[in-house]
Amino acid sequence: MRLRGVLTAGFALLFSLATGVTAAQAAPTPAPTPAPSSRQDPNDPPNQVEVPEVSTLAAPNFQLPFPCGQRWSGNSSASSAHRSYEIDFNRGSTAGADLGDTVVAAAAGTVVISAHQGSTNGYGNLVKIDHGGGWTSYYAHLNSRSVSAGARVSQGQKIGTVGNTSKPGNNISPHLHYEVREGSGYPGNIRRAVFNGVTFGYPSAAVTSNNTCGGATNPYTPQEVCGSGYKVIDSAALGSAGTVYLLYNSGNGYNCVTTIKKTSLGKATATTAYLEVAGRSRITDSGNFSYYAGPVRASAAGKCVKWGGKAGSSTYNSPSEHCGS
């Protein structure tokens, strides 16, 4: 993000609201937008479609919302319009250099908003993706949108292009405004952005995208599925279809098993994870899952365990092992 010119985008947005500055490059004329109710925060626009709630302990494995290998500079503090951990991204050396650059989904999910926000707020062309478990991501000021509300998108899929659309009368330079939210209650629900497992270096940092560098990637990691405190102590490949992981939490003495898919991501296919503690019945999570089976947890301090799973046509069954952890 440039400190002069482009990094003033957010400030210019608010300044123009007060002064009525005419946009140097006018945004597309939006469709009429109903006035928000007194109970609806304009910065938390209502979804165009609703998706079933998905209960999950895992946050998505978010990646930078740009194609693999691109390096972008982000800044959260140079815009007076920001109220929390929002980030404005640029990479070009001039104010208009990034106009039309590709924007991709930071994680897989369902598009719940794809629309120009009209006079409701300053987002302009907005795409919002629901990732399940209360997690959503926002991509604002887009020059164009490539997806429609209700569409299912994969991580790394193109959803639009960088632009400078906003509320009529706002004069902003092209950039991507990006947010991650969890749950409701703006702006308290805005979360620190994490890319490829690393928290963004607030207030500003340059980040290289790893989004789908190896093709489609599973948006979940075994640690995220099992939860805080668990560490991988063993794993077994299930051909090319996935990997089954055994984790242990030294804080509470529990083991956890999860099978993470590598193929057919986003598509519900037969996947299994199980854990059997010596002297106890086997615990199994088996069904048609889009990304992983599990987590299967059990207290196992000082006990031997058998563990395993299945993805595609491959199965792994461990011997009785890991008797101390």
Enquirer: Could you tell me which non-hydrogen atom of Val225 sits nearest to which non-hydrogen atom of Pro295, and how far apart they are?
Expert: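 Residues Val225 and Pro295, closest heavy atoms: O-CG, 3.5 Å.
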Enquirer: Determine whether a donor-acceptor pair (N or O, by modelled atom type, separation under 3.5 Å) exists between the side chain of Asn125 and the backbone of Thr165.
Expert: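 Checked: no pair found.
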Enquirer: Under a 3.5 Å distance rule, please check whether Ser76 uses its side chain to pair with a backbone N or O of Tyr202 as donor and acceptor.
Expert: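 Such a contact is absent between Ser76 side chain and Tyr202 backbone.
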Enquirer: Give a yes or no on whether the backbone of Ser144 and the side-chain of Thr161 come within a donor-acceptor separation of less than 3.5 Å.
Expert: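 It does hold such a pair.
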Enquirer: Checking the side chain of Asp98 only, and the main-chain atoms of Gly92 only, is there a donor and an acceptor separated by less than 3.5 Å?
Expert: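 Checked: pair present.
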Enquirer: side-chain hydrogen bond (donor to acceptor under 3.5 Å, both in side chains) between Lys128 and Asn47: does it pass, once the steps are laid out?
Expert: CA-CA 8 Å; Lys128 175 186 176 183; Asn47 293 342; 2.9 Å; yes
Enquirer: Indicate yes or no: at least one non-hydrogen side-chain atom of Val162 is less than 4.5 angstrom from one of Asn143.
Expert: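 Val162 vs Asn143: side chains apart.
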Enquirer: Main chain of Ser114, side chain of Gln48: is a donor-acceptor contact present, judged purely on distance under 3.5 Å?
Expert: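 Looks like yes, one N/O pair under 3.5 Å.
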Enquirer: For the ring pair Tyr123 and His116, is the centre-to-centre distance below 6.0 Å?
Expert: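 Tyr123 vs His116: aromatic centres not under 6.0 Å.
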Enquirer: Quick check for you: to the nearest 0.5 Å, what is the distance between Thr199 atom OG1 and Arg191 atom CZ?
Expert: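 The CZ atom of Arg191 is 13.0 Å from OG1 of Thr199, to the nearest 0.5 Å.
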Enquirer: Is the side chain of Arg145 donor-acceptor paired with the backbone N or O of Ile159 at a distance under 3.5 Å, no angle test?
Expert: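 Flag not set: sc Arg145 to bb Ile159 has no pair under 3.5 Å.
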Enquirer: Using a 4.5 Å cut-off on heavy atoms from C-beta on, say whether the side chain of Glu321 contacts that of Lys306.
Expert: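 Heavy-atom side-chain distance check fails, nothing below 4.5 Å.
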Enquirer: Report the distance from atom CG of Asp88 to atom OG of Ser79, rounding to the nearest 0.5 Å.
Expert: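 Between atom CG of Asp88 and atom OG of Ser79 there are 5.5 Å.
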Enquirer: Once rounded to the nearest 0.5 Å, what's the spacing between atom SG of Cys213 and atom CG of Asn196?
Expert: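 The CG atom of Asn196 is 8.5 Å from SG of Cys213, to the nearest 0.5 Å.
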Enquirer: May I ask you to check whether Trp307 and Tyr245 place their ring centers less than 6.0 Å from one another?
Expert: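 Trp307 vs Tyr245: aromatic centres not under 6.0 Å.
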Enquirer: Would a distance-only check, ignoring hydrogens and angles, find a side-chain to backbone donor-acceptor pair under 3.5 Å from Thr258 to Pro222?
Expert: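 No; zero donor-acceptor contacts below 3.5 Å.
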Enquirer: So Ile172 and Ser166, do their side chains get closer than 4.5 Å, heavy atoms only?
Expert: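 Yes, close enough: below the 4.5 Å cut-off.
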Enquirer: Does Ser299 have any side chain to side chain contact (heavy atoms under 4.5 Å, CB included) partners at least two apart in sequence or in another chain, and if so, which?
Expert: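 Side chain to side chain contact (heavy atoms under 4.5 Å, CB included) list for Ser299, sorted by chain: Tyr254, Arg280.
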Enquirer: Hey, are the side chains of Val180 and Thr136 touching, using non-hydrogen atoms and a 4.5 Å cut-off?
Expert: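 Counting from C-beta outward, Val180 and Thr136 never come under 4.5 Å.
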Enquirer: Stepwise, does the side chain to side chain contact (heavy atoms under 4.5 Å, CB included) test hold for Lys262 with Thr243?
Expert: CA-CA 8 Å; Lys262 290 184 177 180; Thr243 302; 3.4 Å; yes
Enquirer: Please report the C-alpha distance between Ile129 and Val153 in whole Å, then the side-chain angles of each, then the deciding distance to 0.1 Å, and finally whether the side chain to side chain contact (heavy atoms under 4.5 Å, CB included) criterion is met.
Expert: CA-CA 8 Å; Ile129 301 176; Val153 295; 3.9 Å; yes
Enquirer: Backbone N or O of Ser84 within a donor-acceptor pair of the Glu86 side chain at under 3.5 Å?
Expert: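 Checking the backbone N and O of Ser84 against the side chain of Glu86, a donor-acceptor pair under 3.5 Å is found.
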Enquirer: Any idea which heavy atoms bring Asn189 and Ser184 closest together, and the distance?
Expert: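 That would be CB-O, 3.5 Å.
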Enquirer: List in chain and number order the residues that pass salt bridge (charged side-chain N to carboxylate O under 4.0 Å, His left out) with Asp101, two or more places apart in sequence or in another chain; answer none if no residue qualifies.
Expert: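 Counting only residues at least two positions away or on another chain, Asp101 forms a salt bridge (charged side-chain N to carboxylate O under 4.0 Å, His left out) with Arg91.
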Enquirer: Just wondering, do Asn210 and Cys68 contact through their side chains at under 4.5 Å, heavy atoms?
Expert: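 Counting from C-beta outward, Cys68 and Asn210 never come under 4.5 Å.
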Enquirer: Does the ring of Phe200 carry Arg192 above it, NZ/CZ under 6.0 angstrom from centre and within 45° of its axis?
Expert: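 No, cation not above the ring by the 6.0 Å, 45° rule.
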Enquirer: Regarding His175 and Asn164, is there a side-chain donor-to-acceptor distance under 3.5 Å anywhere?
Expert: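 On atom types as modelled, these side chains do not qualify, holding no pair under 3.5 Å.
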Enquirer: Would you confirm whether the ring centroid of Tyr178 sits within less than 6.0 angstrom of the ring centroid of Tyr139?
Expert: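 Yes, they do, as the ring centres are separated by less than 6.0 Å.
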Enquirer: Would His131 and Ser137 satisfy side chain to side chain contact (heavy atoms under 4.5 Å, CB included), going step by step from the backbone distance to the final call?
Expert: CA-CA 8 Å; His131 306 287; Ser137 57; 2.7 Å; yes
Enquirer: Does any N or O in the side chain of Lys261 come within less than 3.5 Å of the main-chain N or O of Ser290, such that one atom is a donor and the other an acceptor?
Expert: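 Checked: pair present.
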Enquirer: Report yes or no: does Thr284 contribute a side-chain atom to a donor-acceptor pair with the main-chain N or O of Ser286 at less than 3.5 Å?
Expert: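 It does not hold such a pair.
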Enquirer: Above 12 or not: heavy atoms from other molecules or residues under 6.0 Å from OH of Tyr274?
Expert: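 Enclosed.
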